[in-house]
Amino acid sequence: MIYLEENMKRNIKSMEKQYLLSSLELVEDVFTKFDSPEEGKLVRRLVEEIRAREYYLPELELVTIDENDEVIGYAMLSRFHIEGRFENELLILTPVAVKTELQRQHISKDMLEYGFEKAKELGFKAILVEGNPKNYNPRGFMPSYKFGITAGPNIHLPSPECLMIKELESGALDKISGLVDFSFYETLREG
């Protein structure tokens with residue numbers, strides 16, 4: 001998929017071997033600048049953990065490449081379960097990163113829309129995300145608690161609206177509910 005914007009050619013694609021390291025560096029840099037060096041390292045370790053585990057889906061690890069073949073955007077959708085169920089229907093979106101100086105240019109929006117279509121083609125029914133509702137509500141995410149999907153006791157959100165879900169198939173959330181727990185990620189137990 002190619003986008004032309006401000007004379008810049010951008011290509012969104014699934015992860016390829018040559019982008020594995022540069023995408024990790026982008027993620028670490030973006031989260032370091034946004035939050036802290038510790039957060040940058042934590043999110044990088046989370047990506048490495050997901051890549052090494054059974055919930056990794058290489059076709060849903062997305063990069064946006066510029067005209068110089070440089071990674072300028074990154075998003076990962078991976079299998080997720082709630083209370084040991086729904087892993088063939090549910091994905092989690094984490095992390096999303098765009099090169100700091102290129103943010104607010106629709107790079108993440110375009111990547112996410114591409115990822116939603118690809119996830120739907122693969123048969124997934126819904127996507128969970130934790131984040132700022134202002135960033136995700138415009139992409140069709142709704143507070144998950146409205147669908148019986150709530151943060152477990154180990155998840156501390158600024159507000160319940162920060163855990164959101166998006167249906168990829170109408171009515172999918174009629175059958176998905178329960179407590180969300182991130183403790184199966186070793187990285188998040190450590191950090």
Side-chain angles (χ1 to χ4, degrees), residues 12 26-27 30-31 34-35 39-40 42-44 46-47 49-50 53 55-57 59-64 73-98 100 103-185 187-189 191:
I12 300 171
L26 172 79
V27 165
V30 168
F31 282 89
F34 176 73
D35 190 301
E39 184 72 6
L42 176 81
V43 177
R44 179 184 178 132
L46 179 61
V47 170
E49 178 184 348
I50 292 170
R53 302 283 297 269
Y55 27 81
Y56 177 59
L57 298 161
E59 57 271 62
L60 292 177
E61 184 179 19
L62 307 174
V63 289
T64 299
Y74 178 86
M76 180 185 272
L77 292 155
S78 55
R79 289 182 193 277
F80 193 76
H81 67 81
I82 297 176
E83 300 174 8
R85 301 172 296 159
F86 314 115
E87 71 179 30
N88 294 317
E89 301 161 80
L90 185 61
L91 297 168
I92 190 164
L93 171 61
T94 190
V96 177
V98 173
T100 304
Q103 291 177 2
R104 302 282 173 226
Q105 295 183 25
H106 302 291
I107 295 168
S108 63
K109 173 188 176 281
D110 294 340
M111 249 187 327
L112 295 180
E113 294 301 326
Y114 178 83
F116 299 158
E117 284 303 311
K118 203 161 189 59
K120 192 173 178 177
E121 288 170 15
L122 292 170
F124 290 95
K125 310 291 186 220
I127 300 172
L128 187 71
V129 69
E130 179 188 339
N132 185 335
K134 285 191 260 182
N135 295 335
Y136 294 101
N137 292 156
R139 306 277 73 78
F141 284 88
M142 304 285 295
S144 64
Y145 69 82
K146 292 183 177 184
F147 301 94
I149 300 166
T150 56
N154 298 326
I155 298 175
H156 306 287
L157 302 171
S159 81
E161 285 75 20
C162 293
L163 188 62
M164 295 159 279
I165 195 140
K166 174 184 176 70
E167 275 187 328
L168 297 175
E169 181 180 287
S170 183
L173 295 176
D174 296 343
K175 301 175 189 103
I176 300 174
S177 64
L179 287 178
V180 174
D181 181 11
F182 298 140
S183 68
F184 64 91
Y185 294 114
T187 301
L188 298 179
R189 285 197 308 262

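Values reported hereafter were calculated over all heavy atoms of this structure, with side chains retained and with hydrogens, waters and symmetry mates removed. We're numbering straight along the sequence, starting at 1.
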State the [atom1]-[atom2] distance between [X] and [Y], to the nearest 0.5 angstrom.
X    : Y    : atom1 : atom2 : result
M164 : R139 : CE    : CZ    : 12.5 Å
L90  : I127 : CG    : CD1   : 9.0 Å
L93  : M111 : CG    : CE    : 9.0 Å
K118 : I12  : NZ    : CD1   : 11.0 Å
C162 : Y145 : SG    : OH    : 10.5 Å

Atom pairs and distances, donor-acceptor, side-chain atoms in residues 77-87, under 3.5 Å, two or more places apart:
{"from": "R79", "atom 1": "NH1", "to": "E87", "atom 2": "O", "distance (Å)": "3.3"}
{"from": "R79", "atom 1": "NH1", "to": "N88", "atom 2": "OD1", "distance (Å)": "2.9"}
{"from": "H81", "atom 1": "ND1", "to": "G84", "atom 2": "N", "distance (Å)": "3.1"}
{"from": "E83", "atom 1": "OE1", "to": "R85", "atom 2": "NH2", "distance (Å)": "3.4"}
{"from": "E83", "atom 1": "OE2", "to": "L179", "atom 2": "N", "distance (Å)": "2.8"}
{"from": "R85", "atom 1": "NH2", "to": "S177", "atom 2": "O", "distance (Å)": "3.1"}

Check: L163 main-chain N/O paired with E130 side-chain donor or acceptor under 3.5 Å: no

Is it the case that the side chain of D35 and the backbone of E39 share a donor-acceptor pair, with hydrogens and angles ignored and the cut-off at 3.5 Å? no

Do [X] and [Y] come within less than 4.5 Å of each other through their side chains, counting heavy atoms only?
X    : Y    : answer
Y74  : V47  : yes
K120 : F116 : no
E117 : L168 : no
F147 : I176 : no
M76  : I50  : yes
L57  : F124 : yes
L46  : T94  : yes
L173 : I149 : yes

Plane angle bin for F34 and F31 - parallel if under 30°, tilted between 30 and 60°, otherwise perpendicular: perpendicular

What do the steps show when you test S144 against L128 for side-chain contact (heavy atoms from CB on, under 4.5 Å), and what is the final call? CA-CA 8 Å; S144 64; L128 187 71; 4.3 Å; yes

Which heavy atom in A119 sits nearest to a heavy atom in L91, and how many Å separate them? CB-CD1, 3.4 Å

Measure across G115 and L62 and return the closest heavy-atom pair with its distance rounded to 0.1 Å. CA-CD1, 3.5 Å

Given N154 and F182, is the side-chain contact (heavy atoms from CB on, under 4.5 Å) satisfied, shown in steps? CA-CA 8 Å; N154 298 326; F182 298 140; over 6 Å; no

Using a strict 4.0 Å threshold on nitrogen-to-oxygen distance, state whether E113 and K109 make a salt bridge. no

Examine K166 relative to Y136 and say whether NZ or CZ is less than 6.0 Å from the centre of the six-membered ring and inside a 45° cone about the ring axis. no

